[in-house]
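Take this structure, written in structure tokens, and hold onto it; I'll ask about it next.
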Protein chains: 2
Amino acid sequence: MGRPKEFDPDQALCAALQVFWKRGFDGASMTDLTEAMGITRPSLYATYGNKEDLFRKVLDRYEQSHLCFVAEALDEPTARETIDRLLKGYADVLTNPLHPPGCLGLNSAVCGGAESEPIRQELIARRSLSEETLRKRLERASAEGELGAGEDPADWARYVMSVGLGMAVRAASGATREELYRVAQIALRALPAAQAASRQLEGVEA
Amino acid sequence: MGRPKEFDPDQALCAALQVFWKRGFDGASMTDLTEAMGITRPSLYATYGNKEDLFRKVLDRYEQSHLCFVAEALDEPTARETIDRLLKGYADVLTNPLHPPGCLGLNSAVCGGAESEPIRQELIARRSLSEETLRKRLERASAEGELGAGEDPADWARYVMSVGLGMAVRAASGATREELYRVAQIALRALPAAQAASRQLEGVEA
DNA sequence: GACGCATTATATCGATCGGTATGAAATTAT
DNA sequence: ATAATTTCATACCGATCGATATAATGCGTC
């Protein structure tokens, strides 16, 4: 009942995603958002709540639409392939010309005024969650004999996340996809030779 | 002639450095700055110019005071020691409890409103300059036989900078120094074995 | 057609943004 | 002492910030 909406809330959310991605949470003004979304301020507040609420909805959408490759990467058979696909997939997203360069979850996380501290905390929490997921995957790899005896999966998860974040910063500064690929390629070299795992996979060991 | 200043411009600049470091360029308001510096707005504008001018002066001071270890690292005899000292030294700065966590040059670089675009461009330019310096150092290492035949110094410079930037993001999110050390340690493993260089240094080759 | 309801459009809220105009206070030169 | 000069304190500038109050508009229901 009542007057129907004149816009598609999901489509408008995508427009907001682009603005937040490019400007960050603090840098995106309500005027920027409403203009890009093609709606008025009251419509925005009625549909999504305040700026923080809108940003959290954008974040959810971002993870679903642009970070879905992470789940696939974690399903790779080896840690090496997981990390390789993680970094390559991340490089693809960071430099996709269909979106602003860099990572939405990073562009709003590093700096900002005192009033946006809750947002930064939320982004830190989400990133920790990602890292924890990767760590668990690497613990499995460690249990399966991959990743030598003295290696700490937590250290490796931290390392991979750090390389990814560094790539994100570089992407936001204009790095090309090929440059990021080469960074990922070099980063992979830090991995132990992983002969144990490949032997195990090829059935040589038994 | 005239009334003498009631504050030390250099000391006030350090106070401004702290604020910009913590909040980033956009996130630091003139009120934040004047309160931390202990001076009034007219004094600030008369002494340093506008907000952008002040930030550039802060940047110069930052590089002199907190990034001086870079020059020392570049003087190390081998590429491995250079990179090691670079990443360790960076980790030290990023987690020094005397300053806000993270990197000033990064905290203001990633996100922000449209009006602070010139600042972001300047930060990108300064970072490119750093990377170029590192690349030249690695080219020397390559010419000296370190860094295997097929290795591109530019790729390695990009890789090292990416790891450093990732560490900076993590530091801004609360990472500890030990965590960053372990990231740096793993990052170093990507380097080729460098037997040629060590042989050369030890005089074994001749 | 009249009523109730949800969504629009317009105008505006107080607060804060970066940046200044205006004088009073404090120093040196005369 | 007086004039010249510079800094400091106060108040304020127009613009923009996120967020709303008010009322006109469009729909389903009765």
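The basis for the numbers below is simple: all heavy atoms, side chains too, and nothing from hydrogens, waters or symmetry mates. Protein chains get the first letters and strands the later ones, always in sequence-line order, with residue 1 at the start of each. As the structure is a computational prediction, the values presented were derived from the model and not from experiment.
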In whole angstrom, what separates B:R23's CZ from C:dC17's P?
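My rounded result for the distance is 11 Å.
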List the residues meeting side-chain hydrogen bond (donor to acceptor under 3.5 Å, both in side chains) with B:R120, not counting sequence neighbours, and say none if there are none.
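B:R120 satisfies side-chain hydrogen bond (donor to acceptor under 3.5 Å, both in side chains) with B:S116, B:E117 only.
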Whole-Å gap separating C1' (D:dA19) and CG (A:L54)
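So the CG-C1' distance, A:L54 to D:dA19, works out to 14 Å.
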Which ring-ring contact (aromatic ring centres under 6.0 Å, His included) pairs, counting each pair once, include a residue from residues 137-162 of chain B, with sequence neighbours left out?
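Checked against ring-ring contact (aromatic ring centres under 6.0 Å, His included) - neighbours excluded - the pairs reaching residues 137-162 of chain B are B:W156-B:Y159.
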A:Y45 OH - D:dT20 P separation (whole Å):
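Distance, rounded to whole Å: 7 Å.
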Below 3.5 Å is the cut-off: list the nitrogen or oxygen pairs between protein and nucleotides 12-16 of chain D, distance only.
none

When the distance from CG of A:D53 to C1' of D:dT20 is rounded to whole Å, what number comes out?
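A:D53 atom CG is separated from D:dT20 atom C1' by 16 Å.
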Run the salt-bridge test on B:R135 and B:E139 with the 4.0 Å N-O cut-off and return the result as yes or no.
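So B:R135 pairs with B:E139 through a salt bridge.
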Without placing hydrogens or testing angles, list every side-chain donor-acceptor pair under 3.5 Å for residues 67-76 of chain A, not counting sequence neighbours.
{"from": "A:E72", "atom 1": "OE1", "to": "A:R85", "atom 2": "NH2", "distance (Å)": "2.6"}
{"from": "A:E76", "atom 1": "OE2", "to": "A:R85", "atom 2": "NH1", "distance (Å)": "2.4"}

Atom CG of B:D26 and atom P of C:dG18: how far apart are they, to the nearest Å?
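From B:D26 CG to C:dG18 P: 9 Å.
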Suppose we screen for side-chain hydrogen bond (donor to acceptor under 3.5 Å, both in side chains). Which residues come up paired with B:E52, at least two apart in sequence or across chains?
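Applying side-chain hydrogen bond (donor to acceptor under 3.5 Å, both in side chains) to B:E52 gives B:R56.
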Of all residues at least two apart in sequence or in a different chain, which pass the side-chain hydrogen bond (donor to acceptor under 3.5 Å, both in side chains) check with A:D92?
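Counting only residues at least two positions away or on another chain, A:D92 forms a side-chain hydrogen bond (donor to acceptor under 3.5 Å, both in side chains) with A:Y181.
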Please write out each protein N/O paired with an N/O of nucleotides 6-8 of chain C under 3.5 Å, distance rounded to 0.1 Å.
{"from": "C:dT7", "atom 1": "OP1", "to": "A:K5", "atom 2": "NZ", "distance (Å)": "3.3"}
{"from": "C:dT7", "atom 1": "O4'", "to": "A:R3", "atom 2": "O", "distance (Å)": "3.4"}
{"from": "C:dT7", "atom 1": "O2", "to": "A:R3", "atom 2": "NH1", "distance (Å)": "3.1"}
{"from": "C:dT8", "atom 1": "OP1", "to": "A:E6", "atom 2": "N", "distance (Å)": "2.9"}
{"from": "C:dT8", "atom 1": "OP2", "to": "A:S43", "atom 2": "OG", "distance (Å)": "2.6"}

Distance, rounded to the nearest Å, where A:E35 contributes CD and D:dG18 contributes P:
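For the pair A:E35 CD and D:dG18 P, the rounded distance is 12 Å.
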All pairs passing ring-ring contact (aromatic ring centres under 6.0 Å, His included) where residues 117-149 of chain A contributes a residue, at least two apart
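Output for this query is empty, none listed.
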List, one per line, each side-chain donor-acceptor pair under 3.5 Å for residues 101-115 of chain B, sequence neighbours excluded.
{"from": "B:N107", "atom 1": "ND2", "to": "B:W21", "atom 2": "O", "distance (Å)": "2.8"}
{"from": "B:S108", "atom 1": "OG", "to": "B:F25", "atom 2": "N", "distance (Å)": "2.9"}

Taking only residues two or more places apart in sequence or in another chain, which ones pass salt bridge (charged side-chain N to carboxylate O under 4.0 Å, His left out) with A:D53?
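Testing A:D53 for salt bridge (charged side-chain N to carboxylate O under 4.0 Å, His left out), a comparison that skips the adjacent residues, returns none.
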What residues in residues 105-115 of chain A put a non-hydrogen atom under 4.0 Å from any atom of DNA chain C?
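The stretch gives none, as no residue of it lies under 4.0 Å from the strand.
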Would you call B:D60-B:R126 a salt bridge at under 4.0 Å N-O?
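Result for this pair is yes, salt bridge flagged.
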Who pairs with A:K88 by side-chain hydrogen bond (donor to acceptor under 3.5 Å, both in side chains), at least two apart in sequence or on another chain?
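So A:K88 forms a side-chain hydrogen bond (donor to acceptor under 3.5 Å, both in side chains) with A:D84.
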Between atom CE in B:M30 and atom P in D:dC17, what is the gap in whole Å?
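The answer, rounded to whole Å, is 18 Å.
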Between P of D:dC17 and CG of A:D32, the distance in whole Å
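Distance check: A:D32 CG to D:dC17 P gives 7 Å.
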